[in-house]
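Here you go, one structure.
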Amino acid sequence: MSHATNQSWGGRFSEPTDAFVARFTASVNFDQRLAGQDIQGSIAHATMLARVGVLSDAERDAIIEGLTEIKGEIERGEFEWSVPLEDVHMNIEARLTQKIGITGKKLHTGRSRNDQVATDIRLFMRDAIDSIDSELARLREGMITLAEREADTIMPGFTHLQTAQPVTFGHHLLAWQEMLARDHERLLDTRKRVNVMPLGAAALAGTTYPIDRHVTAELLGFSRPAENSLDAVSDRDFAIEFASFASILLMHLSRMSEELVLWTSAQFDFIDLPDRFCTGSSIMPQKKNPDVPELVRGKTGRVYGHLMSLLTLMKSQPLAYNKDNQEDKEPLFDAVDTVLDCLKAFADMVPAIEPKKESMFEAARRGFSTATDLADYLVRKGVAFRDAHEIVGQSVAFGLKEKKDLSEMTLEELKQFSDIIEADVFEVLTLEGSVAARNHIGGTAPDQVRAAASRAREALKAHREAK
Ligand code: ARG
């Protein structure tokens, strides 16, 4: 190994880097994923340097041409990544110098890897956020469409996982959709803070060259240059915010997954998932397993882990850049990949859910799910709610003993508990009557579900236009 293993800082060293330390400190094996953003940032930097007269136009052109060729080499898989060159930034710069000679060494004028890497990650995150934004929109769209279709489908609603009151399947799907709408807002809000440009902060204090940070910000599509150079190279709040968005999103997807898993079981038997989203068992021929929702549920753990890693990474870090920050990339990359995969799985799968309407209806019928409706009926006839609760409780106890749902009892049987009850009671004891009666904004009535779906569609459209 040559005296200076790493030409970019070899000058002040009297012995080569220890071979293990070189490997230990290198990030190229994972940060090469930032190559596209690194080149994009370097082209903008060189363009700005020429505009303010620090580089000649010829130097700028040579740099841009060289970087463009390197981009091609990387895309074609021809680029040779070198671990002794430590990271993506120095690999690309070394190759540029190899290609265009001394001019390549001028690219780093007025810049440091500290502001360079912070810029690269923000560019990467901005692209990632935009892809996630589209997948989330596709999922919401599919959910709203299914909800509209299933506005009249009756299923049991649960609290404590015990049958509570009948609801419509469309209403349940729109509850999921609300969770995702909030995630979508959080994502867009995070994007605002991602889209601020650290470039120009240099190592930590700024640079003595007459740079124009508004030019680079505009070339790179950032909303503005970061205000403070110390903060610009050290801030990773945006990474933590993204990981917290991702954690909340995965928490939501895990809840939906859990319900899908339960619903496909023989015990619930509420839905079917098409075979393409399931796998079989190598030993039990009868099995069809809901692997996709199970895996999404399982992947929630790693995303929570990334949030914890990033929070802990930043805890107590003194200003400004510290090498610790090199550890931000793997959790972020994995969080992005996991979110994109899980959203794709859901966006493909949700529209293909096949509700088993009869089975859902039967389940709602079995669990005394109209008991509250009977209590409300008594209240409308002048009984105090607490007394009504007691009367219905006795009716349910009777039903349990006789194995009869409330709607299956005769008027005489019901009258044992209150002679206020008349034949009109059977209208409120039907499941259709029960859901239709909850007819206000946010309620489960089919007409409300249709109205809510159309508002959800408007909100999604507004989200797309706000971007
Ligand atoms: N690979 C480094 C990182 O990911 C780049 C910045 C290194 N800066 C430094 N002064 N060593 O954070």
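In listed order, ligands and their atoms are each counted from 1.
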For ligand 1, what N or O to protein N or O distances fall under 3.5 Å?
| residue | atom | partner | partner atom | Å |
| --- | --- | --- | --- | --- |
| ligand 1 | 1 (N) | S27 | OG | 3.3 |
| ligand 1 | 1 (N) | D87 | OD2 | 3.1 |
| ligand 1 | 1 (N) | Q326 | OE1 | 2.8 |
| ligand 1 | 4 (O) | K329 | NZ | 2.5 |
| ligand 1 | 8 (N) | N114 | OD1 | 2.9 |
| ligand 1 | 10 (N) | N114 | OD1 | 3.1 |
| ligand 1 | 12 (O) | Y321 | OH | 2.4 |

Original post:
For the residue pair F270 and F268, does the interplanar ring angle fall in the parallel (under 30°), tilted (30 to 60°) or perpendicular (over 60°) class?
Top reply: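 Aromatic pair F270/F268 classed perpendicular.
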Subject >> All ring pair (Phe, Tyr, Trp, His ring centres under 6.0 Å) counterparts of F79, not counting sequence neighbours >> reply: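 Partners of F79 under the ring pair (Phe, Tyr, Trp, His ring centres under 6.0 Å) test: W81.
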Subject >> Cationic N near anionic O, under 4.0 Å, D189 to R186 >> reply: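 R186 and D189: not salt-bridged.
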Original post:
With sequence neighbours excluded, what pairs up with K299 under the salt bridge (charged side-chain N to carboxylate O under 4.0 Å, His left out) test?
Top reply: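 For K299, no residue satisfies salt bridge (charged side-chain N to carboxylate O under 4.0 Å, His left out) once neighbours in sequence are set aside.
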**OP:** Answer yes or no: is there an ion pair linking D341 with K344, defined by an N-O contact shorter than 4.0 Å?
**Re:**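 The answer is no: the pair does not qualify as a salt bridge.
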Got a list of side-chain donor-acceptor pairs under 3.5 Å for residues 160-167, not counting sequence neighbours?
| residue | atom | partner | partner atom | Å |
| --- | --- | --- | --- | --- |
| Q162 | NE2 | H160 | O | 3.2 |
| Q165 | NE2 | T372 | OG1 | 2.9 |

